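Just so you know, these numbers come straight off a predicted model, no measurement behind them.
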Amino acid sequence: MSLHTEAPAPSTGSIADLGTENISTREIDRRKMAHDASHYLMIPEAVATPRTAEEVAALLRRSRELGIPATFRSGGTSLSGQSQSDSLLIDTRQHFRGIEVLDGGARVRVQPGATVRAVNSRLAAHGYKLGPDPASEIACTIGGVVANNSSGMACGTEFNTYRTLESMVLVLASGTVIDTAASDAEAKLRTLEPELFEGLLRLRGRIVANPHSVSTIERLFSMKNTMGYGLNSFLDYENPVDILTHLMIGSEGTLGFVAEATFRTVPALPKVATGLMFFDSLDRAASALPELVASGLATIELMDATSLRVAAADPTAPPELRGLEIANHAALLVEHQARTAEELAEKRDSSRGLFESLPLAAPFAMTAVAKDRAAMWHLRKGLYTTVAGARPSGTNALLEDIVVPVPSLASTCGELSRLFTEHHYRDSVIFGHAKDGNVHFMLNERFDDPAELARYQAFTEDMVDLVLGNGGSLKAEHGTGRIMAAFVRRQYGDELYGVMCELKALIDPPNLLNPGVLINDDPLSYIADLKVAPTVEVEVDRCVECGYCEPVCPSKDLTTTPRQRIVLRREIAAAEARGDAALAKELRKDYDYDGVQTCAADGMCVTACPVLINTGDLVRRLRKENANPVADLGWKSAAEHWSTVTVAGGKALSLAKAMPALLPKAATAAARAVAGSETVPAYETVLPAGGSKRKPLESPAAVAVYFPACIGTMFGPAGNGGGVSAAFLELCGRAGVDVRIPSGIGDLCCGTPWKSKGFAKGYSVMTERVLANLWEATGGGALPVVCDAASCTEGLDTMKRLAGESPEYPGLEFVDSVEFVRDTVLPQLEVTRRLPSMALHPTCSSTQLGANEALHTLADAVADEVFVPPSWGCCAFAGDRGLLHPELTESATDKQAAEINEREFAAYASVNRTCEIGMSKATGHTYRHVLEYLAEATR
């Protein structure tokens, strides 16, 4: 083994010597952070969560003194194992999310924990976006984008990270901090790191003087290529600071930490037309590529025959695909993008002749209709979802990528398909960025079976020979990581591999930064530390650990994320399987708070999950399994006397409101100390007095049944307003729209309190009562049911779904009040008084209901400016969860509250009473239902 790739020398100190500030050695923290989207698993000894670049520098200096290896982790979407560590794992996501738009959007300065989606959301208002456009933009962070030299579907090599990154603030392995944009950056590097400064010049001279090295680098980096270090930096730049800056791109955390990156952005092209081309063979599709690329298409995405068979099974697939008898077919998803409608029309006209000349296997047309375009992209992006979600329990889904010169693409894909058959990989799909010669393929593999592991080794060797034999690169986008580190020498040859090893030794002599990643002399390193996926439970087994769910999770900065809740269940199951009862017990103990009690169960995770897992369902089931039998009976009794309970709750709040705040606070604190924080909510001064008892309303001409939520009885209206119920009835009356409120309304509830807490007996009682009542009130489902709290609308819909499509209650339809008012009431109204501005808080429920568009429409109807904070997310008040665990709502709202409070707004609105309370507490401003503002604006 060479000096530069051998394992680090034994440490001279222990993790404990690093100190305890921002460092955790808890088993639950170590294991929840161990998992990423790759098929590798290493358990770190400790997890550090530094807050600043200076803290990272100090940590690296101290770890070097102690000989402790360190690895950086950000989004954890990496597929190649580059964010794994069995030593010190440094979380650079939680406290590094800053985004600063510069020059009107032409540039942007970003910290490594910000996601690509978050950055593009900030840039969208200025008409710009980042050049790199990875498919994982919902969760992948700038740290990973830089560390892996990310590209994507449209950016190619022209607008990838390497080409668009302007400068960075970097922390070297020694702890030296360099701002490469500073005027004294070169002098600082020369003074503080003289050996590195001279060494970079020496390596550049070595490369430039070797024609074969120059030729190899130019050939490999003419394609997408994230294999090994970015040696093209030595050809593209002469100044050591510039060389170092660009070597950091794609270095996968092995050379240092990028604390801040400044990008040159690219214009966002809002006018788009998309089309799906079918060919009767992969060869014909590939033969069309040169002309298609020359036509200026922004994207050309390839799907092979297996991909099309998988996609055709989706009931939402385009009819032309469902009607295709797929044999050896292939498809190209093509797209034109433009600044204006006129420019888009010109592009479509100029390419029409080419499209008509192609030997297509089905009619072709491009469309600019958003819905139809989305369906086509769902076809392409849904491949991962379909294949990964349907994989056998206990297997891992591997998503790999390669690149070859475009003329070799068809033969390479054909040979890949042959290798799948030869090595008995079923349903493996090939898809990807055809215009770049870059394709992805998926395998399902079980690494706890020696025979399957041997199969994987044999396939890998054959695949490496195939790609390199066709002049390609073994990694185009996903980074070298652990999976391809052993093959870097084979791709580059001994000379350039030697340059890489010398570069690593120059910057990180003791090999402490992410050892084993990117270059590794162990030929079998790619099959070490493989992850197994034990069968646990239905909510867990489908998870591919991609982390897409994490940015939308309200508890992500407090305890655990959906991915972490799932992987901890796997860790518990694995510990039990190997007989480690002590570890399993410790994890279960900490999991109660970290995994169960601090889950908002808001279901936002399912909106981001590629395999559609709602981790809230898992948490609710666990709560149900662990429910206190006495409490379950108590909540059943509450369901049986709900009108009494809600009225009593409202009176209690009114009484508390009339007292000095210290008294109810002290009383609930004492009760929580005795009965537990999971039983007694904490009293908050932001809580209102109680509301009014709900009463029936008859109307023979009703066009809908109105279901005022019971939270309006327990929690009174904000300020001097009359509340959402009064506003809704006022609006309907003003518009001449009749509604009725069912008899017995006081005893009805959407069931969410029981469902979320896991109290099955009470939920069953309420379900039976509510569905029977509403079935009668709607005339057997003839009228829609309109609810005035988004979470309750969702709860009613869920109640019906969980009850099944019972023949007793077919056709019951639940509609949120904002959708009903937008469609039925608003057209009959005249807005007479507009507000200058409004801060708007969509909720997790309005998001899942698809009601946010209606919410925005109503907000726009009453306010000249509507502001949703860039970091908007679920407030985690979650009924009473924010009262049981105030720290959850505080953590979930801190960033969006800060963005809202950067200025004053004339109004603050939401669409759910408890969320209004949560946001009022977080911001210090009074939130009300948007319908209350609409009622006032139309008086």
Side-chain angles (χ1 to χ4, degrees), residues 135 153 274-289 291-292 297 299-335 355-367 371-392 397-402 404 406 408-435 437-444 466 610-611:
M153 291 176 287
T274 309
L276 192 60
M277 295 179 171
F278 294 100
F279 296 83
D280 59 13
S281 71
L282 192 60
D283 280 334
R284 287 202 168 181
S287 297
L289 284 174
E291 287 185 286
L292 290 172
L297 286 163
T299 59
I300 307 175
E301 294 292 299
L302 169 71
M303 290 173 278
D304 73 344
T306 305
S307 300
L308 294 178
R309 291 189 191 96
V310 169
D314 188 329
T316 66
E320 57 267 35
L321 174 58
R322 293 200 304 271
L324 191 67
E325 293 185 13
I326 302 168
N328 297 314
H329 291 74
L332 296 176
L333 181 64
V334 299
E335 189 166 274
F355 296 161
E356 291 174 352
S357 70
L358 295 175
L360 301 179
F364 170 77
M366 298 191 83
T367 178
K371 182 180 178 181
D372 295 336
R373 290 185 50 251
M376 293 182 193
W377 277 109
H378 175 74
L379 185 75
R380 158 65 175 85
K381 294 181 178 180
L383 290 171
Y384 179 77
T385 302
T386 304
V387 177
R391 74 190 189 284
L398 280 68
L399 180 62
E400 274 309 320
D401 79 312
I402 58 171
V404 294
V406 171
S408 300
L409 183 62
S411 62
T412 302
C413 290
E415 280 297 293
L416 264 180
S417 296
R418 184 188 64 77
L419 290 179
F420 294 153
T421 301
E422 180 180 322
H423 294 283
H424 307 291
Y425 283 110
R426 298 182 57 191
D427 300 323
S428 293
V429 296
I430 300 174
F431 56 92
H433 319 310
K435 75 183 182 75
N438 168 208
V439 293
H440 306 303
F441 59 88
M442 287 189 65
L443 307 175
N444 291 328
L466 168 65
V611 292

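Distance NZ/K435 to CG/L289: 11.0 Å, rounded to 0.5 Å. One distance of note links CD of E400 with CG of L416; it measures 11.0 Å at 0.5 Å rounding. With values rounded to the nearest 0.5 angstrom, F431 atom CZ is found 5.0 Å from L399 atom CG. The NZ atom of K371 sits 13.0 Å away from atom CE of M376, with the distance rounded to the nearest 0.5 Å. Rounding to the nearest 0.5 Å places CG of L466 at 9.5 Å from OG of S408.
For Y425, the ring pair (Phe, Tyr, Trp, His ring centres under 6.0 Å) partners at least two apart in sequence or on another chain are F459. R373 pairs by the side-chain hydrogen bond (donor to acceptor under 3.5 Å, both in side chains) definition with T274, E335, not counting sequence neighbours. Contacts of F279 classified as ring pair (Phe, Tyr, Trp, His ring centres under 6.0 Å), with partners at least two apart in sequence or in another chain: none. For A397, the side chain to side chain contact (heavy atoms under 4.5 Å, CB included) criterion is met by A388, R391, M442, N444, V544, not counting sequence neighbours. Under the rule for a side-chain hydrogen bond (donor to acceptor under 3.5 Å, both in side chains), E291 has no partner lying at least two apart in sequence or in another chain. Contacts of H440 classified as side-chain hydrogen bond (donor to acceptor under 3.5 Å, both in side chains), with partners at least two apart in sequence or in another chain: H433, E477. Annotation: salt bridge (Lys or Arg N to Asp or Glu O under 4.0 Å) contacts of R309 (sequence neighbours excluded): none.
Within the 4.5 Å cutoff, the side chain of M303 has heavy atoms near those of the L276 side chain. Here the side chains of N438 and I402 are not in contact, with every heavy-atom distance at 4.5 Å or above. Counting heavy atoms from C-beta outward, S417 and L282 have side chains that stay 4.5 Å or more apart. Within the 4.5 Å cutoff, side-chain heavy atoms of V429 are placed close to those of V310. The shortest distance between side-chain heavy atoms of F364 and V334 falls below 4.5 Å. By the 4.5 Å heavy-atom criterion applied to side chains, L308 and F278 are counted as neighbours. Between M277 and L358, some side-chain heavy-atom pair lies under the 4.5 Å cut-off. Between F441 and L419 the shortest side-chain heavy-atom distance does not fall below 4.5 Å.
Counting only residues at least two apart or on different chains, the salt bridge (Lys or Arg N to Asp or Glu O under 4.0 Å) pairs with a member in residues 277-287 are D280-R284.
Closest approach of A311 to L379, counting heavy atoms only: CB-CD1, 3.1 Å. Nearest approach of G437 to L409, heavy atoms of both residues: O-CD1, 3.9 Å.
With C413 as reference, L302 is the one residue of D304, V404, L302 to meet the side-chain contact (heavy atoms from CB on, under 4.5 Å) rule.
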Can you give the donor-acceptor pairs under 3.5 Å from side chains of residues 317-329 to other protein atoms, not counting sequence neighbours?
unit_1, atom_1, unit_2, atom_2, d
R322, NH1, P315, O, 3.4
R322, NH1, A317, O, 2.0
H329, ND1, A327, N, 3.1

